[in-house]
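See structure below.
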Amino acid sequence: MEEMLHHAMMLNNEVRFSDDGALLGDSTETAMVKYSIDMGLSKENAEKKFPAHAELPFDSDRMRMSTFHQHEDQWILFVKGAPAKVVEVLSAEEAGSSKTWLYENKKWAGEGLRVLLFGYKMFDKKPEHINEHIEKDLKILGMVAMIDPPREEVVKAIRDCSTAGIKTMMITGDQPLTAAAIANRLQMVENGEASVMSGAEIEKLSDQEFTEKISSVQVFARVSPSQKLRIVQSLQSNGQFVAMTGDGVNDAPSLKQADIGVAMGITGSDVSKEAADMILLDDNFATIIKAIREGRRIYENIRKFIIYVLSCNLAEILTIFFAPIFGLPVPLLPIHILWINLVTDGLPGLALTAEPAEKGIMSQPPRSPKENLFAGGLITRVVANGILMAVAVILTQFWAAENGYSVVQQQTIVFTLLCFVQLGNALSVRSSLQSIFNKAFFTNWFLWLAIGITILLQLLIVYIEPLEKIFKVEMLDAPAMEVIVGVTLASVLAFEAIKLLSRKKIN
């Protein structure tokens, strides 16, 4: 009987072998095939001994899968499935032992094991119709239990989800006891046992009742594909932004309905991959958390780039507009503006996109999908930084005019100072709220390289005679450069003061 059980484990599945001999398919089925191979059985020998003639695929109503084989001059039906469903179709002489099997099933499931019961039926001749109606009067082959221990990084990933304000739910076809044990092992709940709802319980609730109750549930067990879809729709009706993971054909509707459908790249079916918005190449839940972190980093860097570019452009506009109103010469020539926009704005702006994730980025709550890109005080920050730079530049031009610098020299001072204070602005916007003077000061070497190159190019323009003529500037003396450096440093401190006020306001 044990040998026949090994053959059933080898044959009653949809596992495929890759060209290099790797097992492809559902993890539960591949585990059983691997076990049979470890017991000395090969796929080729099993198929020779029990040639397959038909298959009744697993479905969520029967919760069974059957394969029909020829064995010498007889025919045999191998059946595997949920223990509670297999005992329903046992023969009368086997029915007496069903309580014993179900007791063992409950005991194993409580330990977080996934349990399958195998049965079989012999036929003297091939039935005329091979369908689910022949799944009756079975004899028991044996029961199989397996465990898929959670990876250490998955437990941490779920903990990171909680910290980031993301609620993790488990939707599984496993029985409630197994699902609850796994959820507790994964530390999906901080205190007490995980709240579990079965598919049968879902069916009893109206849409309104289910929508009201769903927020208190962590685990859904023994659910059908239609119920998975209903879970996603109920969460969305509560205003939740839903990400759904899945790998089977039956997961396709819920993957399509979810705001972000994530399919498994290794074990996932082609249908699930087509329905999903994203494919997880390593089938590792922890990778999703890494993607969330990277997404938040990219979004924050886009905002930093916008603050930097818009505030710099605003400073230029205000300087050009107000300097003549205050009786000063035209502060910038067209070639100066072009250089600032292409180089001074461009190089540090691009480098800001490489800024690493800020400390605590995964401790922030998720932003609303309806939130505007300019929300969270971005416009205020742009205006404040822009005005600050413009005031610094105009006051410096006043100083230059009062100290007898020529018009060209004033333009050179304004041109150089705008370049330098904008670089200081780039350093300040690296962090949305934290001070720039922290441990992450030198983490973005691309930005420091961009700043170094920009400063070098600016000094070459001011102090190399051929370039002076091209850019219509004059060499600056030491007092002028000292004022430029001093105003730049003061501007950086002022940027940080603005950020400090913003942080206090948010707190």
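Nothing fancy with the numbering, it's 1 onward along the sequence.
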Is the shortest distance from a Lys or Arg side-chain nitrogen in Asp174 or Arg222 to a carboxylate oxygen in the other one below 4.0 Å? no
Where Ile130 and Lys126 come nearest, the two heavy atoms and their spacing: CD1-CE, 3.8 Å
With the side chain counted from C-beta on, respond yes when Phe17 and Leu23 share a heavy-atom pair under 4.5 Å apart, and no when they do not. yes
Carboxylate-amine/guanidinium proximity below 4.0 Å for Arg230 and Asp207: yes
Salt bridge flag under 4.0 Å for residues Glu358 and Lys304: yes
Please confirm whether the backbone N or O of Val86 pairs with a side-chain atom of Arg64, one donor and one acceptor, at under 3.5 Å? no
Using a 4.5 Å cut-off on heavy atoms from C-beta on, say whether the side chain of Ser162 contacts that of Gln187. no
Please check this pair: side chain of Ser428 against backbone of Asn425, looking for a donor-acceptor N/O pair closer than 3.5 Å. no
Would you sort out whether Ile231 and Phe210 count as a side-chain contact (heavy atoms from CB on, under 4.5 Å), showing the intermediate values? CA-CA 9 Å; Ile231 291 169; Phe210 184 51; 3.7 Å; yes
Would a distance-only check, ignoring hydrogens and angles, find a side-chain to backbone donor-acceptor pair under 3.5 Å from Asp137 to Ser91? no
Correct closest heavy-atom pair for Ala275 and Ala252 would be CB-O, 3.6 Å
Is Val223 close to Ile202 at the side-chain level, that is, under 4.5 Å between some pair of heavy atoms? yes
side-chain contact (heavy atoms from CB on, under 4.5 Å), paired with Ile292, selected from Asp160, Ile361, Ile166, Thr287: Ile166
Can you confirm whether Val196 sits close enough to Met170 that some side-chain heavy atom of one is under 4.5 Å from a side-chain heavy atom of the other? no
Any side-chain donor near an acceptor of the partner, Arg430 and Thr443, under 3.5 Å: yes
Inter-residue atom distance Ser27.OG - Asp247.CG, 0.5 Å rounding: 7.5 Å
For atom CD of Gln208, decide whether the heavy atoms of other residues, nucleotides or ligands shown that lie under 6.0 angstrom number more than 12. no
Between Arg381 and Ser311, is there a side-chain donor-acceptor contact under 3.5 Å, judged purely by atom types and distance? no
Heavy atoms, side chains only, cut-off 4.5 Å: are Lys121 and Lys136 in contact? yes
Any idea how His69 and Phe50 line up, ring-wise: parallel (<30°), tilted (30 to 60°), or perpendicular (>60°)? perpendicular
Yes or no on side-chain contact (heavy atoms from CB on, under 4.5 Å) for Ile134 and Leu77, after CA distance, side-chain angles and deciding distance? CA-CA 9 Å; Ile134 67 172; Leu77 180 73; 4.0 Å; yes
Do Trp108 and Leu177 touch side chain to side chain, with heavy atoms closer than 4.5 Å? no
Keeping the roles fixed (side chain from Ser272, backbone from Gly268), state whether a donor-acceptor pair exists under 3.5 Å. no
Between Glu104 and Lys99, is there a side-chain N and carboxylate O pair less than 4.0 Å apart? no
OG1 of Thr178 to CD1 of Ile147, rounded to nearest 0.5 Å, is 10.0 Å
Please say whether more than 12 non-hydrogen atoms of neighbouring residues, nucleotides or ligands are located less than 6.0 Å from CZ in Phe446. no
Test salt bridge (Lys or Arg N to Asp or Glu O under 4.0 Å) applied to Glu3 and Lys49, step by step: CA-CA 12 Å; Glu3 182 183 356; Lys49 190 170 184 178; 3.1 Å; yes
Quick check: closest heavy atoms across Thr30 and Leu24, and the distance to 0.1 Å? CG2-C, 4.0 Å
Should we count NZ of Lys139 as having more than 12 external heavy atoms under 6.0 Å? no
Whether Glu29 side chain and Glu14 backbone form a donor-acceptor pair below 3.5 Å: yes
With a cut-off of under 6.0 Å to the ring centre and 45° to the axis, is Arg367 in cation-pi contact with Tyr299? yes
From Thr163 atom OG1 to Lys156 atom NZ, the distance as rounded to the nearest 0.5 Å: 8.5 Å
For Lys273, does the NZ atom have more than 12 heavy-atom neighbours from other residues, nucleotides or ligands under 6.0 Å away? yes
Minimum heavy-atom separation for Leu117 to Pro83, with atom names? CB-CA, 3.8 Å
Nearest heavy-atom approach of Val219 to Ala183 is CG2-CB, 3.4 Å
Heavy-atom pair with the smallest gap, counting every atom of Lys167 and Ser216: NZ-N, 4.1 Å
Ignoring hydrogens and angles, state whether a donor on the side chain of Glu355 or Asn444 is under 3.5 Å from an acceptor on the partner side chain. yes
Short side-chain to backbone donor-acceptor contact, Asp20 and Ala22, under 3.5 Å: yes
Nearest-0.5 Å distance that lies between atom CE in Met9 and atom CD1 in Ile37: 10.5 Å
Enclosure of Glu111 CD (heavy-atom neighbours >12, cutoff 6.0 Å): yes
Heavy atoms from other residues, nucleotides or ligands near CZ of Phe241 exceed 12 (cutoff 6.0 Å): yes
Here the gap from Asp282 atom CG to Met264 atom CE, rounded to the nearest 0.5 Å, amounts to 9.0 Å
Does Lys213, at its NZ atom, have more than 12 non-hydrogen atoms belonging to other residues, nucleotides or ligands within less than 6.0 Å? no
In terms of side-chain heavy atoms, does Ser42 have a donor or acceptor partner in Asn45 at a distance below 3.5 Å? yes
Got Met4 and Ile76 here, is their nearest side-chain heavy-atom distance under 4.5 Å? yes
Check ion pair Glu294-Arg297 (N to O, under 4.0 angstrom): yes
Does a donor on one side chain and an acceptor on the other come within less than 3.5 Å for Asn12 and Glu55? no
So does Thr211 get a backbone contact from the side chain of Asn238, meaning a donor-acceptor N/O pair under 3.5 Å? yes
Is a side-chain N or O of Asp277 found less than 3.5 angstrom from the main chain of Gly261, in a donor-acceptor match? yes
Got a donor-acceptor contact below 3.5 angstrom from the Ser66 side chain to the Leu56 backbone? no
Are any non-hydrogen side-chain atoms of Val144 and Phe118 less than 4.5 angstrom apart? yes
Say you draw a straight line from CG of Leu449 to OG1 of Thr454; how long is it, rounded to the nearest 0.5 Å? 9.0 Å
Kindly state whether the ring of Phe68 and the ring of Phe78 have centres lying under 6.0 angstrom apart. no
Side-chain donor/acceptor of Ser98 to backbone N/O of Ala95, under 3.5 Å: yes
Show your working on side-chain contact (heavy atoms from CB on, under 4.5 Å) between Val383 and Leu310 and close with a plain yes or no. CA-CA 8 Å; Val383 173; Leu310 292 185; over 6 Å; no
